[in-house]
Amino acid sequence: MILTARQLVLATLDRQLLLERRRLDVAEAVRQVCALQAQTPASPYLALWNRVQDFVPEDLDAAFRDRRVVKATLMRITLHAVHAEDYAPYHAAMLSTLRASRLYDRRFTSTELTDADADALFPQLAGFLVRPRTGAEVEEEVTKRFGEHAHRLWWALRTYAPLHHVPTGGPWSFTQPNTYLAPPAAPGSVAQEAAAGAQQLLRAYLRAFGPASAQDFARFTLLGRPVITQALHELGDQVVRVTGPDRADLFDLAGAAVPAEDTYAPPRLLPMWDSTLLAHAVPGRVMSQEYRSLVVRRNGDMLPTLLVDGQVVGVWRAADGGLELTAFRQLGKAAWQGLTEEAEKLAALLADRDPAVYRRYGHWWDKGFPGVESTVVRG
């Protein structure tokens with residue numbers, strides 16, 4: 001059986017809980033979808049609103065506060081929200097990539113400090129970070145040991161060292177200044193932990209985004225091909241090969257299902273940087289190359305999007321006491337009705353939390369979008 005492009009889209013939407021909202025505990029929902037990109041604090045909340053039936057933002061507040069869901073730098077060297085039990089293996093899998101992104105960077109190498117200097121510092125800081133500390137407080141502590149190089153040393157460590165971001169309040173749990181906490185240390189061989197972590201991360205990825213190629217997994221994580229090849233080998237018969245469009249070689253979990261091609265895909269209003277748009281090789285499954293430059297701006301900002309029948313058709317933003325929906329092409333009456341119903345519900349949720357969500361990104365709308373129709377929806 002050769003899977004069609006449509007089936008791959010539906011498989012992704014199904015596993016991302018975007019075909020039907022499900023009644024799940026928020027921590028279990030986060031685990032189900034592997035990870036939620038969290039560089040913008042609102043995005044994990046809006047991602048779960050799209051996926052969890054009767055989602056209540058306070059439930060995610062509590063999960064962050066109780067550390068059942070943790071926020072940390074992981075895949076793609078980006079902040080993600082993950083189930084607390086998944087953090088250690090995911091971090092182990094990503095550690096080599098995270099370290100290289102900082103310790104080989106000129107901003108660190110120009111200090112003439114060594115990798116060993118950086119690696120040796122974190123165990124010394126672990127005791128200091130048994131309670132939440134702001135970045136400024138940590139940098140002051142590092143200054144006592146390394147003086148003028150403290151800023152760049154802490155810049156490296158805060159990316160690759162095992163650190164959780166601590167909730168500090170605000171409508172989406174995290175506000176400035178960034179505050180950090182060291183999780184409990186897990187003993188074991190770094191190499192063994194990395195290999196086992198890569199296997200666990202790959203299983204979680206396929207459960208959340210499969211069927212997918214090795215290239216897709218590399219796009220989602222930035223892990224190298226040797227690491228991915230080893231993980232696929234070690235997983236053995238837990239993973240099976242499937243054939244995609246153009247006879248592409250894909251992988252999936254044994255026994256995983258793929259929806260029928262005629263399955264309905266409901267409209268959704270996805271948050272900025274939704275993982276669904278970042279989980280596969282460019283341009284991905286749910287966004288055409290034609291619209292990529294409209295959604296992904298030159299500095300990497302990925303705007304909140306409108307999804308119709310499993311495809312990105314436009315963007316949305318908070319405006320005029322509601323939500324402004326902007327389509328990149330003409331949409332039918334049924335599509336607009338579905339988007340409007342979703343927008344009314346989302347606007348009502350935002351009214352009690354953050355009616356001007358993503359306000360700092362509003363400048364991307366100043367020049368407009370080509371060939372569009374727009375409407376403003378209030379809750």
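All values below were derived from every heavy atom in this structure, side-chain atoms included, with hydrogens, water molecules and symmetry-related copies excluded. Count residues from 1 along the sequence.
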On the ring face of Phe251, is Arg241 found with NZ or CZ under 6.0 Å from the centre and within 45° of the axis?
no

Closest approach of Ala356 and Ala318, non-hydrogen atoms and distance?
CA-CB, 3.9 Å

Could you walk me through whether Phe55 and Val26 satisfy the side-chain contact (heavy atoms from CB on, under 4.5 Å) test, starting with their C-alpha distance in whole Å, then the side-chain angles of each, then the deciding distance to 0.1 Å, before giving a yes or no?
CA-CA 8 Å; Phe55 172 70; Val26 292; 3.8 Å; yes

Classify the ring geometry of Phe220 against Phe209: parallel below 30°, tilted from 30° to 60°, perpendicular beyond 60°.
tilted

May I ask you to decide whether Glu342 forms a salt bridge with Arg21, counting only side-chain N to carboxylate O separations under 4.0 Å?
yes

The reported gap from CD in Glu290 to CZ in Phe328 (rounded to nearest 0.5 angstrom) is 9.5 Å

Asp119 side-chain N/O to Ala116 backbone N/O, donor-acceptor pair under 3.5 Å:
no

Any side-chain heavy atom of Leu46 within less than 4.5 Å of one from Leu346?
yes

After noting the C-alpha distance and the side-chain angles of Tyr104 and Asp115, does the key distance pass the side-chain contact (heavy atoms from CB on, under 4.5 Å) rule?
CA-CA 9 Å; Tyr104 298 160; Asp115 297 6; 4.2 Å; yes

cation_pi(Arg268, Trp49) dist<6.0 Å, angle<=45:
no

Do the non-hydrogen side-chain atoms of His151 and Glu139 ever get within less than 4.5 Å of each other?
yes

Donor-acceptor contact present, side-chain Arg207 to main-chain Leu253, <3.5 Å:
no

Applying a strict under-4.5 Å side-chain criterion to I, L, V, M, F, W and Y, I'd like to know whether Leu206 and Val82 cluster together.
yes

For a 4.5 angstrom cut-off between non-hydrogen side-chain atoms, does Glu141 reach Leu125?
yes

Give me the atom names and distance for the closest heavy-atom approach of Phe369 to Leu294.
CE2-O, 3.7 Å

Can you tell me how the ring of His164 sits relative to the ring of Tyr87, calling it parallel under 30°, perpendicular over 60° and tilted otherwise?
perpendicular

Residues, nucleotides or ligands: over 12 heavy atoms within 6.0 Å of Gln215 CD
no

Could you tell me if Thr73 and Thr159 have a donor-acceptor pair between their side chains, going purely by distance under 3.5 Å?
no

Within a reach of under 6.0 Å around CD of Glu112, are more than 12 heavy atoms found that belong to other residues, nucleotides or ligands?
no

Distance-only, no hydrogens or angles: does the Ser43 side chain make a donor-acceptor pair with backbone N or O of Met272 under 3.5 Å?
yes

Go through the steps to decide whether Arg68 and Glu28 satisfy the test salt bridge (Lys or Arg N to Asp or Glu O under 4.0 Å), and finish with yes or no.
CA-CA 9 Å; Arg68 291 181 292 118; Glu28 287 307 312; over 6 Å; no

Looking at Asp274, is its backbone amide N or carbonyl O close enough to the side chain of Thr276 to form a donor-acceptor pair, meaning the two atoms are under 3.5 Å apart?
no

Salt-bridged, Glu85 to Arg31, with N to O below 4.0 Å?
yes

Do Arg285 and Thr12 meet the criterion of a side-chain donor-acceptor pair at a distance under 3.5 Å?
yes

Under the 3.5 angstrom rule, does the side chain of Glu234 hit a backbone N or O of Ala231 as a donor-acceptor pair?
no

Go through the steps to decide whether Arg378 and Val376 satisfy the test side-chain contact (heavy atoms from CB on, under 4.5 Å), and finish with yes or no.
CA-CA 7 Å; Arg378 294 176 176 83; Val376 174; 3.9 Å; yes

Would Lys71 and Phe64 count as a cation-pi pair here, with the cationic atom under 6.0 angstrom from the ring centre and within 45° of the axis?
no

Tell me if the CD atom of Gln238 is crowded by more than 12 foreign heavy atoms within 6.0 Å.
yes

State plainly whether one hydrophobic cluster holds both Val33 and Val56, where clusters connect Ile, Leu, Val, Met, Phe, Trp and Tyr through side-chain heavy atoms under 4.5 angstrom apart.
no

For the pair Arg353 and Asp61, find out whether any cationic side-chain nitrogen is under 4.0 Å from an anionic carboxylate oxygen.
yes

Side chains of Tyr205 and Thr221 only: does a donor on one sit below 3.5 Å from an acceptor on the other?
no

Is the backbone N or O of Gly338 less than 3.5 Å from a side-chain atom of Glu341, with the two atoms forming a donor-acceptor pair by type?
no

Could you state whether Met75 and Leu270 fall into the same hydrophobic cluster, counting links through intermediate Ile, Leu, Val, Met, Phe, Trp or Tyr residues with side-chain heavy atoms under 4.5 angstrom apart?
no

Could you tell me whether Asp237 atom CG has more than 12 heavy atoms of other residues or ligands within 6.0 Å of it?
no

Exam field: side chain Asp246 to backbone Ala248, donor-acceptor pair closer than 3.5 Å:
no

Under 4.5 Å between side-chain heavy atoms, hopping through other hydrophobics if needed: is there a path connecting Leu181 to Tyr90?
no

Would you call the rings of Tyr180 and Trp154 parallel, tilted or perpendicular if under 30° counts as parallel and over 60° as perpendicular?
perpendicular

Measure from the side-chain N and O atoms of Thr40 to the backbone N and O of Ala42, and report whether any donor-acceptor pair falls under 3.5 Å.
no

So which heavy atom on Ala118 is nearest to which on Leu103, and how close?
CB-CD2, 4.0 Å

For the residue pair Val357 and Trp172, establish whether any side-chain heavy-atom pair is separated by less than 4.5 Å.
yes

For a salt bridge (Lys or Arg N to Asp or Glu O under 4.0 Å) check, start with the C-alpha distance between Asp14 and Arg22, then their side-chain angles and the critical distance, and finish with the verdict.
CA-CA 11 Å; Asp14 184 37; Arg22 300 183 195 173; 2.9 Å; yes

For a quick check under 3.5 Å, do Thr305 and Tyr291 share a side-chain donor-acceptor pair by atom type?
no

Going hydrophobic residue to hydrophobic residue with side-chain gaps under 4.5 angstrom, can you get from Phe174 over to Leu129?
no

Min side-chain heavy-atom separation Val286-Leu13 under 4.5 Å:
yes

Please say whether more than 12 non-hydrogen atoms of neighbouring residues, nucleotides or ligands are located less than 6.0 Å from CD in Gln124.
yes

Can you find a heavy atom in the side chain of Pro89 that is under 4.5 Å from one in the side chain of Gln199?
no

Is it true that a side-chain atom of Gln16 and a backbone atom of Ala208 form a donor plus acceptor pair closer than 3.5 Å?
yes

Sidechain N-carboxylate O distance under 4.0 Å for Asp262, Arg6
no

How long is the span from the SG atom in Cys34 to the CZ atom in Arg203, to the nearest 0.5 Å?
11.5 Å

Any non-hydrogen side-chain atom of Pro171 less than 4.5 Å from a side-chain atom of Asp352?
no

Would a distance-only check, ignoring hydrogens and angles, find a side-chain to backbone donor-acceptor pair under 3.5 Å from Ser275 to Leu278?
no

Less than 4.5 Å apart, any side-chain heavy atom of Arg23 and any of Asp54?
yes

Report the C-alpha separation of Thr340 and Gln337 in whole Å, then their side-chain angles, then the decisive distance to 0.1 Å, and conclude whether the side-chain contact (heavy atoms from CB on, under 4.5 Å) test is met.
CA-CA 5 Å; Thr340 298; Gln337 181 177 345; 5.7 Å; no

Do the side-chain N and O atoms of Thr326 and Ser374 include a donor-acceptor pair separated by under 3.5 angstrom?
yes

Does a sphere of radius 6.0 Å around CZ in Arg225 hold more than 12 heavy atoms from other residues, nucleotides or ligands, not counting ones at 6.0 Å or beyond?
no

In plain terms, say whether Asp354 and Arg360 are close enough for a salt bridge, that is, a side-chain N and a carboxylate O under 4.0 Å apart.
no

Please determine if Arg102 forms a cation-pi arrangement with Tyr160, meaning its NZ or CZ atom is less than 6.0 Å from the six-membered ring centre and no more than 45° off the ring axis.
no

When you look at NE2 of His363, are more than 12 heavy atoms from neighbouring residues, nucleotides or ligands closer to it than 6.0 Å?
yes

Spatial distance of atom CD (Gln39) from atom CG (Leu79) [nearest 0.5 Å]:
7.0 Å

